[in-house]
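For reference, the structure discussed in these notes is given below.
Residue indices begin at 1 and follow the sequence shown.
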Amino acid sequence: MLSVRISEVEKIVYIEVNGYISSNEAKRFLNTYKQNTRSIKSNQYILVVIPSIFECENNEDLRTVCMSFFRSGYKKMYLVDPSNYIMNVMNLGKIEQKMFNKSVKVISSVKQIK
């Protein structure tokens, strides 16, 4: 399951990821995400991705969703991953991993967001 929640007060877009993600669900999420974030200026917001244990039908769908986040132009992007689950599951190449680490700060708790 993928879900999006926007906090206007905090200026944060929360993305929650868990369970089994089918290709159709990933496409529906992208459409919902685009509709919900259309009214905000993403460069004034922080993106926070909060994953739990999940599995994807097609890993390319996950890459597509992630690339849409990169293109959105958020001020800062955080990944709440205390056990380093995402980095162990996603098999990124050296260049992809370097780009990811440059753009996304991996944190252990939402409380660490400034």
Side-chain angles (χ1 to χ4, degrees):
M1 180 184 94
L2 291 160
S3 62
V4 61
R5 180 174 56 91
I6 300 172
S7 172
E8 297 286 338
V9 175
E10 298 173 306
K11 297 284 189 190
I12 297 177
V13 175
Y14 293 99
I15 306 292
E16 294 183 19
V17 183
N18 60 35
Y20 182 77
I21 303 166
S22 67
S23 292
N24 286 336
E25 185 176 357
K27 289 175 187 175
R28 279 194 309 272
F29 170 76
L30 270 179
N31 289 334
T32 303
Y33 167 77
K34 288 176 184 177
Q35 288 174 354
N36 288 342
T37 58
R38 187 173 291 150
S39 63
I40 67 168
K41 293 183 179 181
S42 57
N43 62 353
Q44 296 175 355
Y45 281 74
I46 295 172
L47 176 71
V48 177
V49 179
I50 306 169
S52 296
I53 295 175
F54 67 92
E55 183 180 344
C56 292
E57 179 179 15
N58 183 355
N59 284 338
E60 287 303 312
D61 294 329
L62 183 61
R63 288 178 188 258
T64 302
V65 170
C66 290
M67 289 309 295
S68 69
F69 297 153
F70 282 121
R71 289 187 204 115
S72 295
Y74 287 100
K75 180 169 52 174
K76 293 181 182 176
M77 293 187 282
Y78 293 96
L79 174 65
V80 180
D81 191 16
S83 62
N84 211 20
Y85 173 74
I86 297 293
M87 295 310 286
N88 291 334
V89 170
M90 290 177 45
N91 294 323
L92 299 176
K94 283 187 174 185
I95 295 173
E96 290 174 321
Q97 191 168 9
K98 193 173 185 177
M99 269 183 44
F100 182 85
N101 290 332
K102 184 178 179 182
S103 303
V104 179
K105 182 173 182 179
V106 179
I107 57 176
S108 59
S109 170
V110 175
K111 295 176 183 177
Q112 291 180 297
I113 299 171
K114 298 174 184 173

Would [X] end up clustered with [Y] when hydrophobic side chains under 4.5 Å apart are linked, directly or stepwise?
X: I53; Y: F29; value: yes
X: I6; Y: L47; value: yes
X: F54; Y: M67; value: yes

Checking side chain to side chain contact (heavy atoms under 4.5 Å, CB included) for the pair I15/F69: CA distance, chi angles, key distance, verdict?
CA-CA 10 Å; I15 306 292; F69 297 153; 4.0 Å; yes
Please work out whether the ring planes of F100 and F70 are parallel, tilted or perpendicular, with thresholds of 30° and 60°.
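Answer is perpendicular, since the angle exceeds 60°.
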Looking at E25, is its backbone amide N or carbonyl O close enough to the side chain of S22 to form a donor-acceptor pair, meaning the two atoms are under 3.5 Å apart?
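Pair found, side chain donor or acceptor close to backbone of E25.
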Looking only at atom types and distance, does a side-chain atom of S72 sit under 3.5 Å from a main-chain N or O of S42, one as donor and one as acceptor?
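Side chain of S72 to backbone of S42: no pair is present.
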What residues, two or more places apart in sequence or in another chain, satisfy salt bridge (charged side-chain N to carboxylate O under 4.0 Å, His left out) together with E16?
none
Minimum heavy-atom distance between [X] and [Y], given as atom pair plus value:
X: S108; Y: P82; value: O-CB, 3.7 Å
X: V17; Y: I21; value: CG1-CD1, 3.5 Å
X: Y45; Y: K41; value: CD1-O, 3.2 Å

What distance do [X] atom [atom1] and [Y] atom [atom2] have between them, rounded to the nearest 0.5 Å?
X: K75; Y: K11; atom1: NZ; atom2: NZ; result: 9.0 Å
X: I107; Y: I50; atom1: CD1; atom2: CD1; result: 8.5 Å
X: M1; Y: S52; atom1: CE; atom2: OG; result: 8.5 Å
X: N101; Y: M99; atom1: CG; atom2: CE; result: 11.0 Å
X: T64; Y: K27; atom1: OG1; atom2: NZ; result: 9.5 Å

Partner set under side chain to side chain contact (heavy atoms under 4.5 Å, CB included) for E10, not counting sequence neighbours:
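Counting only residues at least two positions away or on another chain, E10 forms a side chain to side chain contact (heavy atoms under 4.5 Å, CB included) with S7, I12, Y14.
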State whether a side-chain donor-acceptor pair under 3.5 Å links S23 with D61.
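The answer is yes; a qualifying pair exists.
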